[in-house]
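Excluded from the calculations below are hydrogen atoms, water molecules and symmetry mates; all remaining heavy atoms, backbone and side chain alike, are included.
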Amino acid sequence: MNRLPRSFYARPTPVVARALLGRRLVRILKHSAAPGAHLHPPLGQRLSGRIVEVEAYAGADDAASHACRGRTPRNAPMFGPPGHTYVYFIYGMHWMFNIVAHQDGPDTPPGAVLVRALAPDEGRPIMREHRGDRPDNILTNGPARLAQALAIDGSLTAVDLCTHPRIFVEAGAPPPDGAIACGPRVGVVGDQRARVRPWRFWIRDNSYVSRKT
DNA sequence: TTTCGGATTCACT
DNA sequence: GTGAATCCGAAAT
């Protein structure tokens with residue numbers, strides 16, 4: 001295990017977003033209670049995938065960011081230390097997994113990176129169960145899908161990726177610059193500046209990216 | 001206390 | 001391509 005250090009997340013949000021591509025998001029599930037399980041170390045089932053698509057949401061002047069209207073109980077993690085999680089519920093049924101990322105300090109704007117897609121790796125059979133036995137090509141290509149596949153919900157908001165035993169990001173292998181594409185974020189409507197900001201980053205030609213264009 | 005709409009997905013046409 | 005599902009946070013009443 002080789003977790004990304006706190007300093008990785010303590011940079012401008014779009015910089016962190018781009019740098020997260022290719023890294024490995026890891027989720028450790030508790031073992032089901034098997035006879036004699038208490039005799040062994042709590043290793044747990046390991047699920048993981050490489051991050052292939054992300055979006056940055058940052059600053060007081062980003063109308064698409066949950067933090068744009070100031071701190072509330074929901075978005076409080078975005079105002080906290082970099083390297084923590086921000087998980088929220090939307091559309092009455094979906095969980096979105098974000099990583100808090102912004103420069104450290106008293107007057108720096110809050111920000112977070114939405115993880116939109118993974119290329120699934122370890123624990124695929126378990127992810128498939130979580131996803132209702134849907135085919136592998138729609139296992140983790142979408143923010144709500146990957147949260148479901150990795151069993152991520154609100155209980156994992158505001159936890160520290162640098163120390164939490166059951167969710168973290170490993171250094172992995174970032175793609176070459178030429179393999180990275182960027183463009184406007186998905187589902188952002190209204191405010192013109194927010195709409196056109198090229199803060200969605202993905203690995204070019206990767207089949208797990210949530211949508212074309 | 002009510003209303004509104006959302007960083008989405010799925011089933012169906 | 002279209003509409004439904006379904007809850008909660010935030011703003012308005």
N/O contacts under 3.5 Å, protein versus nucleotides 6-8 of chain C?
unit_1, atom_1, unit_2, atom_2, d
C:dT6, O2, A:Tyr91, O, 2.5
C:dC7, O4', A:Gly92, O, 3.4
C:dC7, O2, A:Gly92, N, 3.3

Checklist entry - Within the structure shown, what part of the strands sits under 4.0 Å from A:Arg200 by heavy-atom distance: base, sugar-phosphate, or nothing? => result nothing
Next on the checklist: For the CD atom of A:Glu129 and the CZ atom of A:Arg134, what is their distance to the nearest 0.5 Å?
Outcome noted: 14.0 Å
Item to check | Salt bridge present between A:Arg3 and A:Glu170 (N-O < 4.0 angstrom) | outcome: no
Next on the checklist: Going 5' to 3' along DNA chain B, which are the first and last nucleotides with any atom under 4.0 Å from a heavy atom of chain A?
Outcome noted: B:dG6 to B:dA11
Checklist entry - In terms of the nearest nucleotide of DNA chain B, which residue is placed more toward the 5' end: A:Val189 or A:Gln148? => result A:Val189
Checklist entry - Should the heavy atoms of other residues, nucleotides or ligands under 6.0 Å from CZ of A:Arg69 be counted, would the total exceed 12? => result no
Checklist entry - Going by an N to O cut-off under 4.0 Å, is there a salt bridge joining A:Glu122 and A:Arg24? => result yes
Checklist entry - Base, sugar-phosphate, or nothing: which does A:Arg134 touch, judged by heavy atoms less than 4.0 Å apart? => result sugar-phosphate
Next on the checklist: I'd like to know if A:Arg50 and A:Asp121 make a salt bridge, using a cut-off of under 4.0 Å between side-chain N and carboxylate O.
Outcome noted: no
Checklist entry - When the ring centroid of A:Tyr57 is compared with that of A:His66, is the distance short of 6.0 Å? => result no
Item to check | P spacing across the pair C:dG1 / B:dA7, given as an integer number of angstrom | outcome: 23 Å
Checklist outcome for this item: Expected list for residues 72-80 of chain A near DNA chain C, using heavy atoms below 4.0 Å, is A:Thr72, A:Pro73, A:Arg74
Item to check | Residues A:Arg71 and A:Asn75: side-chain donor-acceptor under 3.5 angstrom | outcome: no
Next on the checklist: Check for me whether A:Arg6 meets the cation-pi criterion with A:Tyr9, that is, NZ or CZ under 6.0 Å from the six-membered ring centre and within 45 degrees of the ring axis.
Outcome noted: no
Checklist entry - Can the positive tip of A:Arg200 be found less than 6.0 Å from the middle of the six-membered ring of A:Trp202, inside 45° of the ring normal? => result yes
Item to check | Residue list, salt bridge (charged side-chain N to carboxylate O under 4.0 Å, His left out) with A:Arg18, at least two apart or on another chain | outcome: A:Asp177
Next on the checklist: Under 4.0 Å between a side-chain nitrogen and a carboxylate oxygen: does that hold for A:Arg185 and A:Glu55?
Outcome noted: no
Checklist outcome for this item: Writing each nucleotide of DNA chain C 5' to 3' as (, ), [, ], | or . by Watson-Crick or G-U pairing under 3.5 Å yields |||||.||||||.
Checklist outcome for this item: Judged by nearest nucleotide, the residue sitting upstream toward the 5' end of DNA chain B, A:Ile138 or A:Phe97, is A:Phe97
Item to check | With A:Phe89 via ring pair (Phe, Tyr, Trp, His ring centres under 6.0 Å) - residues at least two apart | outcome: A:Trp95
Checklist entry - Hey, does A:Ala64 reach any base, or is it just sugar-phosphate, or nothing, if we go heavy atoms under 4.0 Å? => result base
Checklist entry - Quantified in whole Å, what is the P atom distance between nucleotide C:dT6 and nucleotide B:dT2? => result 22 Å
Checklist entry - Around A:Asn137, counting heavy atoms of other residues, nucleotides and ligands shown, do more than 12 lie under 6.0 Å from its CG? => result yes
